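Accompanying notes for the structure given below.
Quick caveat: nothing in here was measured; it's all calculated off a predicted structure.
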Amino acid sequence: TGPNIQFLSLEQGFSEQRVGLALNLSKDNNGPLGSTMVEGIFAYHINYDNREMGESRNYLSFGIAPSIRQTRLAMQDLQGDATDPALALLDDNSIEFNTAFGVFLFSEGLELGVSAYNLILGTEKVLSGTVKRYILPKGTLSLGYQYSLNQAVVLHPFANLTVQFNGEFFTDLNMDGRISINDQSSLELGTGLRYARQWESGFAELLLFTGKFSYGPLSLGYQMNRPLSVKGGTGVGGNVFSLGFSTFPVGGGKPKSIKKPNSWFK
């Protein structure tokens, strides 16, 4: 089966101080491999027009996101021959500390962002004492545009290019739409296509559906992705469930915290 991810996000903004704070909690289970991550986000915003910060259409944001993640690789969760001696190597736990940094520019609907992840170098054990996968720095360039069809409907095409230091990369092309039902609720739907190159094998994946319903400060989201083609024996689909809470109104305005793109690959 593919990975199953639960995600909880809490956000708080202080418009007079131009500061946004967020706390992200996630749990990822994929066969014998499981991880739990806690991430904090601090963002500072500078608007360069005459509007209030919450209504600004021209602003520059800076954000930093330290995180801690516990990874568990357990033999009892693996489906296979219990007498295989190699399974004895699959019982492992590790804790990682890391941080990310991003800069985001918004100007009359145009979005441009640059982010860097895994700024603290380290290793992640995959097989105890046998194989180690290095946690490598990577960078992401994001470009998007918010186009308002009317007061209730906003279209949001955007693209991400992520490059890792070992030469792996992936490109995302996405189209989202947001419908403001009333002053308290909204519905977001989206689809996207990804092409990735990992360890000298190409892989394309279609994000079939994304959906999020928001009512007041609460939001419920779901993402489903399935592979279009697989090369090199890699690639599975996945599901992501998310629950969010924000003190900012839904259906208008700007995001108050810098968020990194959805991580489709680990």
Distance, nearest 0.5 Å, that separates [atom1] of [X] from [atom2] of [Y]:
| X | Y | atom1 | atom2 | result |
| --- | --- | --- | --- | --- |
| E111 | L143 | CD | CG | 8.5 Å |
| S9 | I41 | OG | CD1 | 7.0 Å |
| Q184 | Y215 | CD | OH | 6.0 Å |
| L161 | F170 | CG | CZ | 9.0 Å |
| I179 | F213 | CD1 | CZ | 11.5 Å |
| L189 | T210 | CG | OG1 | 7.0 Å |

Kindly give the heavy-atom pair with the smallest separation between [X] and [Y], and that separation in Å.
| X | Y | result |
| --- | --- | --- |
| S142 | N160 | OG-OD1, 2.8 Å |
| S61 | H45 | OG-ND1, 2.6 Å |
| Y117 | A100 | CD2-CB, 3.4 Å |
| E11 | A22 | CG-CB, 4.0 Å |
| S180 | S186 | CA-CB, 4.1 Å |
| L155 | G177 | CD2-CA, 4.4 Å |

Worksheet entry | Side-chain donor-acceptor contact under 3.5 Å, S56 with D49 |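 Yes, because at least one side-chain N or O of S56 sits under 3.5 Å from a partner of the opposite role on D49.
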
Discussion item. Is a donor from one side chain sitting under 3.5 angstrom from an acceptor on the other, for H156 and E188?
Written reply: no

Item to complete: Would you please name every residue forming a side chain to side chain donor-acceptor pair (under 3.5 Å) with Y222, sequence neighbours left out?
Response: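 Counting only residues at least two positions away or on another chain, Y222 forms a side chain to side chain donor-acceptor pair (under 3.5 Å) with N239.
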
Practice prompt. Could you tell me which residues satisfy side chain to side chain donor-acceptor pair (under 3.5 Å) with T36, sequence neighbours excluded, listed by chain and number?
Written response: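 Listed in chain order: nothing, the list is empty.
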
Partners meeting side chain to side chain contact (heavy atoms under 4.5 Å, CB included) with [X] (sequence neighbours left out):
| X | result |
| --- | --- |
| S107 | Y48, N58 |
| V114 | L141 |
| S26 | F7, M37 |
| I46 | Y44, F62 |

Contact between [X] and [Y] at the side-chain level, heavy atoms closer than 4.5 Å - yes or no?
| X | Y | value |
| --- | --- | --- |
| L220 | F241 | no |
| I120 | E96 | no |
| L193 | T171 | no |
| V154 | S148 | yes |

Fill in: Derivation and outcome, side-chain contact (heavy atoms from CB on, under 4.5 Å), residues V103 and L105
CA-CA 7 Å; V103 180; L105 174 67; over 6 Å; no

Using the rule that Ile, Leu, Val, Met, Phe, Trp and Tyr join whenever any side-chain heavy atoms are under 4.5 Å apart, tell me whether [X] and [Y] fall into a single cluster.
| X | Y | value |
| --- | --- | --- |
| L112 | L110 | yes |
| Y145 | L173 | no |
| F169 | F158 | no |

Worksheet item: Donor-acceptor pair, N98 side chain versus L119 backbone, under 3.5 Å?
Response: yes

